[in-house]
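If you read the sequence from its start, that first residue is 1, and numbering goes on from there. Every value quoted in this text rests on a predicted model; they were computed, and no experiment measured them. Atom set for the values below is all heavy atoms of this structure, side chains included, hydrogens, waters and symmetry mates excluded.
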Amino acid sequence: MSIASKQPVLLPFSATIYQNSKGQKITEDSARLIEIVTSKVKTQSLRVLDIGSGTGIISIMLSHYTDWEIKGFEIQKQLVELARENNVHASTEVEFIEHDIREKHSDFHEYFDLIVSNPPYFKADGRISPNPERRISRSDETCKPIELLTACAYYLKPGGTALVIYPDSRLAEIDRIIIEAGFELKNRYSIQAKVPKTILEVKRI
C-alpha cells in the first residue's frame, strides 16, 4: 500500500498509525470497546484475541495500556499487512494473523481468556459497498453472527469472556445465537451513535 493511499490516525499516547484512505475508517465504536475492556478487566496476565482486527486499532490500544498477550485475526491480507506496520509505528507487541474464522485454527483452540470484536455487522443482503475492503469490513458475508460466536466458543477457554459489538436492530437475533453458541449474557453497554449499537459481554459456559 503506497504512502499516498494511507491516512494517518493520531492515538491518545502520541503515536500515529494509518488506515486506508479508501477503505473502512476507524470509528468511535472501537474507542468505546477499548474503554469498556480497560475499565472492567483488571487481570494482569491475559491471552486476548481481537477477531476482525482490521488496521489493528483495538489490539494496539490494548497492548499499549496492558501487559496482555494479544493476537489479531483478520481475513483481509492488505489489512493484516497494514496492522503489522501500525504495530511497529506504535511500538506495541501484537501478532496479527491472516485467518478466516469460518475455518478452525487448531493452534489456538481454547487458548484465550478474552475475545474482543467489532465485527462486520450489517446484513450482507442489504445495501453493500462496491469497495471490496469496505464491503468485507461492514457486511457480514464472511462473518455472520453465528460464525463469530461459534469461533469465540472455539477459541475461548471454558469460562472465558467475549465482548462484541452489534447494532441494536439485530439484538433479538443475537440474543438467540448467544444461547445457541454456548454463552451466557453478562452485561450490555450502549453506544450512542447514528446507528445505535450495544457491546455485549458474554461468558462461555
Engineer: Would you check if Ile199 and Asn187 make a side-chain contact, meaning some heavy-atom pair closer than 4.5 Å?
Structural biologist: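 In short, these two side chains do not touch, never coming nearer than 4.5 Å.
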Engineer: Should we say atom NZ of Lys157 is surrounded by more than 12 heavy atoms from elsewhere, each under 6.0 Å from it?
Structural biologist: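 Yes, because the 6.0 Å sphere around NZ of Lys157 holds more than 12 heavy atoms from other groups.
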Engineer: Could you grab the distance from atom CG of Leu200 to atom CG of Asp175, nearest 0.5 Å is fine?
Structural biologist: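 These two atoms lie 7.0 Å from each other.
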Engineer: Less than 4.5 Å apart, side chain to side chain, heavy atoms only: is that true for Arg32 and Ile36?
Structural biologist: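 They are in side-chain contact.
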Engineer: Step by step, work out the side chain to side chain contact (heavy atoms under 4.5 Å, CB included) result for Glu201 and Tyr189.
Structural biologist: CA-CA 8 Å; Glu201 179 184 354; Tyr189 308 97; 2.7 Å; yes
Engineer: Do any N or O atoms from the side chain of Ser21 and from the backbone of Ser5 form a donor-acceptor pair under 3.5 angstrom?
Structural biologist: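 Yes, because the side chain of Ser21 sits within donor-acceptor range (under 3.5 Å) of the backbone of Ser5.
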Engineer: Can you confirm whether more than 12 heavy atoms, excluding those of Ile179, are under 6.0 Å from its CD1 atom?
Structural biologist: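 It does not: Ile179 CD1 has 12 such atoms or fewer within range.
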Engineer: Trp68 side chain to Thr43 main-chain N or O, any donor-acceptor pair under 3.5 Å?
Structural biologist: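 Yes.
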Engineer: Would you kindly confirm whether Ile136 and Ile26 end up in one hydrophobic cluster when ILVMFWY residues are joined by side chain heavy atoms under 4.5 Å apart?
Structural biologist: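 No: no chain of side-chain contacts under 4.5 Å links Ile136 to Ile26.
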Engineer: Taking all non-hydrogen atoms of both residues into account, name the closest pair between Ala162 and Cys152 and its distance.
Structural biologist: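 In terms of heavy atoms, the two residues are closest at CB-SG, 4.2 Å.
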Engineer: If you round to the nearest 0.5 Å, how far is OG of Ser53 from NZ of Lys71?
Structural biologist: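 The NZ atom of Lys71 sits 12.0 Å away from the OG atom of Ser53.
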Engineer: Minimum heavy-atom separation for Val80 to Glu98, with atom names?
Structural biologist: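 Between these two residues, the closest heavy atoms are CG2-CA, 3.8 Å.
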Engineer: List the steps and the verdict of salt bridge (charged side-chain N to carboxylate O under 4.0 Å, His left out) for Arg47 and Glu110.
Structural biologist: CA-CA 10 Å; Arg47 289 175 171 176; Glu110 296 189 343; over 6 Å; no
Engineer: So Ile101 and Tyr154, do their side chains get closer than 4.5 Å, heavy atoms only?
Structural biologist: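 The answer is no; the side chains never approach within 4.5 Å.
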Engineer: Heavy atoms, side chains only, cut-off 4.5 Å: are Lys123 and Arg170 in contact?
Structural biologist: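 In contact.
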Engineer: Of all the heavy-atom pairs spanning Thr142 and Ile75, show the shortest one and how long it is.
Structural biologist: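 Nearest pair, atom of Thr142 first, then Ile75: CB-CD1, 4.0 Å.
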Engineer: Side chain of Glu133, backbone of Lys22: donor and acceptor closer than 3.5 Å?
Structural biologist: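 No; zero donor-acceptor contacts below 3.5 Å.
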Engineer: Does a salt bridge link Arg204 with Glu184, judged by any charged N lying under 4.0 Å from a carboxylate O?
Structural biologist: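 Answer for the salt bridge query: no.
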Engineer: If we ignore angles and hydrogens, is there a donor and acceptor under 3.5 Å between the side chains of Glu180 and Thr150?
Structural biologist: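 Looking only at side-chain atoms, Thr150 and Glu180 do not form any donor-acceptor pair under 3.5 Å.
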Engineer: Mark yes when over 12 heavy atoms from residues, nucleotides or ligands other than Glu141 sit less than 6.0 Å from its CD; otherwise mark no.
Structural biologist: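 Count over threshold, so yes.
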Engineer: Give a yes or no on whether Asp107 atom CG has more than 12 heavy-atom contacts from other residues, nucleotides or ligands under 6.0 Å away.
Structural biologist: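 Count over threshold, so yes.
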Engineer: Above 12 or not: heavy atoms from other molecules or residues under 6.0 Å from NZ of Lys40?
Structural biologist: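 It does not: Lys40 NZ has 12 such atoms or fewer within range.
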Engineer: Are the side chains of Asp140 and Tyr121 in touch, meaning some heavy atoms are under 4.5 Å apart?
Structural biologist: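 With C-beta onward as the side chain, the pair stays apart.
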Engineer: Measuring from atom OG1 of Thr198 to atom CG of Leu171, what distance do you get when rounded to the nearest 0.5 angstrom?
Structural biologist: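 Output value for this atom pair is 4.5 Å.
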Engineer: Tell me whether the count of non-hydrogen atoms from other residues, nucleotides or ligands lying under 6.0 Å of NZ in Lys203 goes above 12.
Structural biologist: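 At most 12 heavy atoms, drawn from other residues, nucleotides or ligands, come within 6.0 Å of this atom.
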Engineer: Just by distance, do the side chain of Thr27 and the backbone of Asp29 share a donor-acceptor pair under 3.5 Å?
Structural biologist: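 Confirmed, Thr27 side chain pairs with Asp29 backbone.
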Engineer: Show the numbers, then the answer: is there a salt bridge (charged side-chain N to carboxylate O under 4.0 Å, His left out) between Glu95 and Arg84?
Structural biologist: CA-CA 8 Å; Glu95 181 182 7; Arg84 289 170 178 167; over 6 Å; no
Engineer: Would you find a donor on one side and an acceptor on the other, under 3.5 Å apart, between the side chain of Asn87 and the backbone of Val94?
Structural biologist: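 Yes: the side chain of Asn87 pairs with the backbone of Val94.
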Engineer: Are Ile205 and Phe183 side-chain neighbours, meaning at least one heavy-atom pair lies under 4.5 Å?
Structural biologist: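 A side-chain contact is absent here, since even the closest heavy-atom pair is not under 4.5 Å.
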Engineer: Checking Val164 against Leu148 for the side chain to side chain contact (heavy atoms under 4.5 Å, CB included) test, could you report, in this order, the C-alpha distance in whole Å, the side-chain angles of both residues, the deciding distance, and whether it holds?
Structural biologist: CA-CA 9 Å; Val164 300; Leu148 173 65; 4.0 Å; yes
Engineer: Over all heavy atoms of both residues, which pair between Ala90 and Ala15 is shortest? Give the atoms and the distance, please.
Structural biologist: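 That closest heavy-atom pairing would be CA-CB, 4.0 Å.
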Engineer: Indicate the atoms forming the closest heavy-atom contact of Ser137 with Leu79, along with that distance.
Structural biologist: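 In this case the closest contact between Ser137 and Leu79 is OG-CD1, 4.2 Å.
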Engineer: Main chain of Gln76, side chain of Glu74: is a donor-acceptor contact present, judged purely on distance under 3.5 Å?
Structural biologist: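 The answer is yes, because a donor-acceptor pair under 3.5 Å joins these two groups.
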Engineer: Return the minimal non-hydrogen interatomic distance between Ser30 and Ile57, and the atom names on each side.
Structural biologist: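 Scanning both residues completely, I find the closest heavy atoms to be OG-CG2, 4.0 Å.
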Engineer: Could you tell me whether a side-chain N or O of Ser139 sits under 3.5 Å from a main-chain N or O of Arg135, the two making a donor and an acceptor?
Structural biologist: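 Side chain of Ser139 to backbone of Arg135, a donor-acceptor pair under 3.5 Å: yes, one is there.
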Engineer: Could you please spell out the steps behind the side chain to side chain contact (heavy atoms under 4.5 Å, CB included) verdict for Ile165 and Ile191?
Structural biologist: CA-CA 9 Å; Ile165 299 175; Ile191 299 176; 4.1 Å; yes
Engineer: Do Phe96 and Tyr18 sit in the same hydrophobic cluster, where Ile, Leu, Val, Met, Phe, Trp and Tyr count as joined when their side-chain heavy atoms come under 4.5 Å apart?
Structural biologist: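 Result: no, two separate clusters.
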Engineer: For the CD atom of Glu93 and the CD atom of Glu69, what is their distance to the nearest 0.5 Å?
Structural biologist: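 Going from the CD atom of Glu93 to the CD atom of Glu69 covers 11.0 Å.
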Engineer: For a 4.5 angstrom cut-off between non-hydrogen side-chain atoms, does Pro120 reach Cys143?
Structural biologist: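 In short, these two side chains touch, coming nearer than 4.5 Å.
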Engineer: Mark yes or no for whether Glu103, through its side chain, and Asp100, through its backbone, hold a donor-acceptor pair below 3.5 Å.
Structural biologist: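 The answer is no, because no donor-acceptor pair under 3.5 Å joins these two groups.
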Engineer: Enter the distance from Leu49:CG to Phe112:CZ here, rounded to the nearest 0.5 Å.
Structural biologist: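 The CG atom of Leu49 sits 4.5 Å away from the CZ atom of Phe112.
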Engineer: Which value, rounded to the nearest 0.5 Å, describes the distance between Ile58 atom CD1 and Ser117 atom OG?
Structural biologist: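 Rounded to the nearest 0.5 Å, the CD1-OG separation comes to 7.5 Å.
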Engineer: Between Ile178 and Leu149, is there a side-chain heavy-atom distance shorter than 4.5 Å?
Structural biologist: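 SC-SC contact between Leu149 and Ile178 confirmed.
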Engineer: With no hydrogens and no angle check, do the side chains of Thr55 and Asn86 hold a donor and an acceptor under 3.5 Å apart?
Structural biologist: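 Not at all, the side chains of Thr55 and Asn86 share no donor-acceptor pair under 3.5 Å.
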Engineer: Check whether the ring centres of Tyr155 and Phe73 lie less than 6.0 Å apart, and answer yes or no.
Structural biologist: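 Close enough - the centres of the two rings lie under 6.0 Å apart.
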Engineer: Begin from the C-alpha positions of Val116 and Val37 and carry the test side chain to side chain contact (heavy atoms under 4.5 Å, CB included) through to its verdict.
Structural biologist: CA-CA 8 Å; Val116 295; Val37 173; 3.7 Å; yes
Engineer: Quick one: do Met61 and Leu82 end up in the same hydrophobic cluster if we chain Ile, Leu, Val, Met, Phe, Trp and Tyr together by side-chain heavy atoms under 4.5 Å apart?
Structural biologist: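 Different hydrophobic clusters.
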